[in-house]
2 protein chains.
Amino acid sequence: MSRLFEKAAIIGTGLIGGSLGGIMRRDGIAGRVVGIGRSKDNLDNALGRGLIDEAQTDAKKGVQGADLVVLCCPVGKFEEVARLIKPYLRDQAVVTDVGSVKGALAHRLEDIFHLKARYVPAHPIAGSERSGAEAADLELFRGAKCILTPTAKTDTRALGLVTDLWEATGAIVERMTPEEHDMILAAVSHMPHVAAFALVDAVESMPEGEKALGYAAGGFKDTTRIAASHEDVWRDICLLNRQNIIKTLDAYHEALWRLRDIIESGDAEALRREFGRIRQTRSRMD
Amino acid sequence: MSRLFEKAAIIGTGLIGGSLGGIMRRDGIAGRVVGIGRSKDNLDNALGRGLIDEAQTDAKKGVQGADLVVLCCPVGKFEEVARLIKPYLRDQAVVTDVGSVKGALAHRLEDIFHLKARYVPAHPIAGSERSGAEAADLELFRGAKCILTPTAKTDTRALGLVTDLWEATGAIVERMTPEEHDMILAAVSHMPHVAAFALVDAVESMPEGEKALGYAAGGFKDTTRIAASHEDVWRDICLLNRQNIIKTLDAYHEALWRLRDIIESGDAEALRREFGRIRQTRSRMD
């Protein structure tokens, strides 16, 4: 892999940022990787694991001279961080992000960086309920999709560089509009997280809930694994993609209630037909 | 392990029945294991994998002389099969089952076998979305809970034998009433299956559903893994444990709607608090 960047600054060296930094170092994609974060412990962890060359708690200092800046902090911090770092960015630096929400946020970030840096909105669809540099995995993005959501204003060369960056990690790069991205992600990620959180909450709230959880086996654990995800991340996502999440929750409610009605009616044939149809859809995904 | 039974007849040599048969043979728990089923292919598979000593498509013949009969077919078939085999059972044979529903069904089966055989209702909480003898696993029950739901009429010695059988598989045997069993299983297994089926259905039903499913990553796949479970099994469970499933679906709906309301209101602090609380509950389960 040839070098794409001289100095990469990664803001937030958690699971995604840490993994990306480690790959950039291992494969020589960047000459130097600076990890920026607030937690000294996590930065030390990232340094110790060789995910970054340098740790920096001051974002303003960390981004100076960088020709690539990647926003990997919780998506709810993006605007604040963008405004903070903007005056310290190198002219025409490529700025990208890994946020799970694009939509209006991508346009606002574009406006903030306008005329100073070249912003390319991106979202690698990879992750886990685990967090922090200790969860970093240099094979995390291999085979995963990475969606870029360029707009009419996106710089073509910067878009090419960010495409090269993600392809170098092993991800499959695709493009769509920020709006389409947010609708799709609400359906297959954001709403299902809310559904999993609600499932744990529902069982715990029942009179026999505490005891019942002791009998949960693999099925329940798989179904609710993502309910162990961090609340800061999911608060931000839910608020930033609120409209699509509400819309998909309503569709979920409709599907759930349709099954509930069939169960209540006792229509064995209809129930078998519905479950069978859904099983086939789900089985095709493996 | 000392021998507990001379001849065990397993009706339904799928994942659970096949695994149990294989364990009984491997560990000498039964002198002889007869597998009973309608699918010749599946029986051949069970024979080929050494899960049973003998294959039999006629249940009436298969159960003759058996001192243990285990109902491992779909729970919706239990009553029909019980009536069919009753005249052919050895007097005082121990009959047990692995059904996911107990409740009224356990009492009805007890009535059917009364004065002929000694019925002990049981439910090993183990499984997978996979099915058939090809999915059998001789370590399937190790560390899993197996709930026995004896009633006032249950024969004490038969109860002891079934307890010994499940402990020999490595399961942790517990007892509760059939009614408590059904409420708990509705909460941690039956309702979550309906929730997972509905989740796949909701996404597929959206205008952009087909495309969206192509972007589903690990989170969605885990959350909906059990929606690949077989429709016959889940139709039966949903109909037999209908009241508890409706009750727990209503509790789920309430929890889901509470989160939806917070998301819609945009109350960041409340959302963070709720997600954090639920994350802690879920994290304690691992």
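These numbers were taken from a predicted model, which means no experiment stands behind them. The sequence lines fix the lettering, A, B, ..., with proteins before strands; numbering per chain opens at 1.
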Report task. Identify which part of T224(B) has an atom lying under 4.5 Å from any heavy atom of chain A, answering side chain, backbone, both or neither. Result -> both
**Report entry** From M183(B) atom CE to E208(A) atom CD, the distance as rounded to the nearest 0.5 Å
**Finding:** 4.0 Å
Query - Ionic contact status for E180(B) with K211(A), cut-off 4.0 Å - result: yes
Query raised in the report: Above 12 or not: heavy atoms from other molecules or residues under 6.0 Å from CD of E210(B)?
Result: no
Report summary line: When rounded to the nearest 0.5 Å, the distance separating CZ of F275(A) from CD1 of I237(B) is 9.5 Å
Report summary line: Smallest heavy-atom separation, A187(A) atom then F220(B) atom, equals O-CE1, 4.3 Å
Report summary line: The interface call for Q243(B) against chain A, heavy-atom contacts under 4.5 Å, is neither
Query raised in the report: Tell me, side chain or backbone of M206(A) under 4.5 Å from chain B's heavy atoms, or both, or neither?
Result: side chain
Query raised in the report: For the atom pair CZ (R282(A)) and CG (D201(B)), what is the distance rounded to the nearest 0.5 Å?
Result: 14.0 Å
Report task. Sort out for me which of A195(A), G209(A), A126(A), S189(A) touches chain B most, counting heavy-atom pairs under 4.5 Å. Result -> A195(A)
Query raised in the report: Do E231(B) and E274(A) have side-chain heavy atoms sitting under 4.5 Å apart?
Result: no
Report task. Write out, in numerical order, the residues from residues 266-273 of chain B with a heavy atom short of 4.5 Å from a heavy atom in chain A. Result -> G266(B), A268(B), L271(B), R272(B)
Requested in this report: Could you check if a side-chain atom of D222(A) sits within less than 4.5 angstrom of a side-chain atom of I226(B), using non-hydrogen atoms only?
Outcome: no
Report task. Can you check whether anything in residues 248-255 of chain B gets within less than 4.5 Å of chain A, heavy-atom wise, and list it by number? Result -> T248(B), L249(B), D250(B), A251(B), Y252(B), H253(B), A255(B)
Query raised in the report: Looking at R284(A), Q280(A), R277(A), which has the largest count of heavy-atom pairs under 4.5 Å with chain B?
Result: R277(A)
Query raised in the report: So do E204(A) and I278(B) actually touch side chain to side chain, heavy atoms under 4.5 Å?
Result: no
**Report entry** Proximity of residues 141-151 of chain B to chain A, residues having a non-hydrogen atom under 4.5 angstrom
**Finding:** K145(B), I147(B)
**Report entry** Atom CZ of R108(A): over 12 foreign heavy atoms under 6.0 Å
**Finding:** yes
Report task. Any chance you could measure W234(A), atom CH2, to I263(B), atom CD1, to the nearest 0.5 Å? Result -> 10.5 Å
Requested in this report: Select all residues of residues 212-219 of chain A having any heavy atom within less than 4.5 Å of some heavy atom of chain B, and report them by number, or 'none'.
Outcome: A212(A), L213(A), G214(A), Y215(A), A216(A), A217(A), G218(A), G219(A)
Requested in this report: Would you mind checking if D286(A) and K221(B) are paired as a salt bridge, meaning a charged N to carboxylate O distance below 4.0 Å?
Outcome: no
Requested in this report: Supply the atom-to-atom distance R258(A) CZ to S205(B) OG, rounded to the nearest 0.5 angstrom.
Outcome: 6.5 Å
Report task. Could you have a look at M285(A), K247(A), M191(A), H193(A) and say which one has the most heavy-atom pairs with chain B under 4.5 angstrom? Result -> M285(A)
Report task. Enter the distance from T281(A):OG1 to F197(B):CZ here, rounded to the nearest 0.5 Å. Result -> 11.0 Å
Query raised in the report: Where on I125(A) is there a heavy atom nearer than 4.5 Å to chain B: the side chain, the backbone, both, or neither?
Result: both
Query raised in the report: What option among A202(A), A198(A), A186(A) has the most heavy-atom pairs under 4.5 Å with chain B?
Result: A198(A)
Query - Shortest non-hydrogen contact from L256(A) toward V194(B) - result: CD1-O, 4.2 Å
Requested in this report: Tell me, out of I262(A), D236(A), L185(A), L199(A), who's got the most heavy-atom pairs with chain B below 4.5 Å.
Outcome: L199(A)
Query raised in the report: Does the side chain of R260(A) reach to within under 4.5 Å of the side chain of I246(B), using non-hydrogen atoms?
Result: yes
Query raised in the report: Can any side-chain N or O of R279(A) pair as donor or acceptor with the backbone N or O of H230(B) at less than 3.5 Å?
Result: no
